[in-house]
Amino acid sequence: MNGLMLYAAQEALASLRRGGRGAAMSIGTIAIAFVALGGFLLLTSNLQRFVEQWMDAAEVSVFLRDDVDDDRRGAIEAIIR
């Protein structure tokens with residue numbers, strides 16, 4: 001019985017050594033996938049925030065001649081809005 005337990009323990013360790021390399025590669029692959037996903041999400045989040053700040057800072061200046069009456073100025077403001 002003692003020899004059987006020793007044999008089972010040796011086989012279990014050998015199996016772990018053989019499968020350990022594959023498990024480590026699987027863990028590494030999953031880690032790379034998560035890092036890539038996190039980097040992509042971080043990039044898109046920062047890009048979205050940058051675009052929102054840029055859109056808020058955008059301004060349009062319209063210059064009219066001095067002789068434009070109030071009715072035409074109101075019509076131009078309505079068109080711009």
Side-chain angles (χ1 to χ4, degrees):
M1 182 83 166
N2 197 10
L4 186 59
M5 292 296 284
L6 181 62
Y7 174 75
Q10 288 173 346
E11 287 297 311
L13 286 175
S15 178
L16 282 174
R17 279 190 214 112
R18 280 192 303 266
R21 195 174 308 199
M25 291 192 59
S26 296
I27 291 170
T29 302
I30 292 170
I32 290 170
F34 278 129
V35 167
L37 177 63
F40 178 74
L41 290 175
L42 183 65
L43 178 69
T44 56
S45 173
N46 286 336
L47 186 60
Q48 181 180 4
R49 190 169 0 129
F50 173 75
V51 168
E52 287 173 359
Q53 289 176 352
W54 182 67
M55 293 290 286
D56 289 341
E59 294 181 4
V60 175
S61 297
V62 177
F63 298 95
L64 300 175
R65 294 189 328 220
D66 291 335
D67 61 343
V68 174
D69 60 354
D70 289 339
D71 291 335
R72 291 187 82 178
R73 180 175 290 141
I76 292 171
E77 288 177 1
I79 290 171
I80 291 173
R81 285 191 191 132

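Just so you know, residue 1 is the first one in the sequence shown, and it goes up from there. Atoms considered below: every heavy atom in the structure, side chains included; atoms not considered: hydrogens, waters and symmetry mates.
- Val35 pairs by the side-chain contact (heavy atoms from CB on, under 4.5 Å) definition with nothing, not counting sequence neighbours.
- A distance of 10.0 Å separates CD in Glu52 from CG in Leu47, rounded to the nearest 0.5 Å.
- When hydrophobic residues (I, L, V, M, F, W, Y) are linked wherever their side-chain heavy atoms come within less than 4.5 Å, the members clustered with Ile30 are Phe34.
- Pairs engaging residues 8-30 under the side chain to side chain donor-acceptor pair (under 3.5 Å) rule: none recorded [sequence neighbours left out].
- Among residues at least two apart or in separate chains, side chain to side chain donor-acceptor pair (under 3.5 Å) pairs with a member in residues 66-76 are Arg65-Asp67.
- The hydrophobic cluster containing Ile79 does not contain Leu64, counting ILVMFWY residues as joined when their side-chain heavy atoms lie under 4.5 angstrom apart, directly or transitively.
- Partners of Arg81 according to the side chain to side chain donor-acceptor pair (under 3.5 Å) rule, which considers only residues two or more places apart in sequence or in another chain, do not exist here.
- Leu41 shares a hydrophobic cluster with Leu37; the chain of contacts runs through ILVMFWY side chains whose heavy atoms sit under 4.5 Å apart.
- Hydrophobic cluster membership is shared by Val68 and Val62, with clusters built from Ile, Leu, Val, Met, Phe, Trp and Tyr side chains linked at under 4.5 angstrom.
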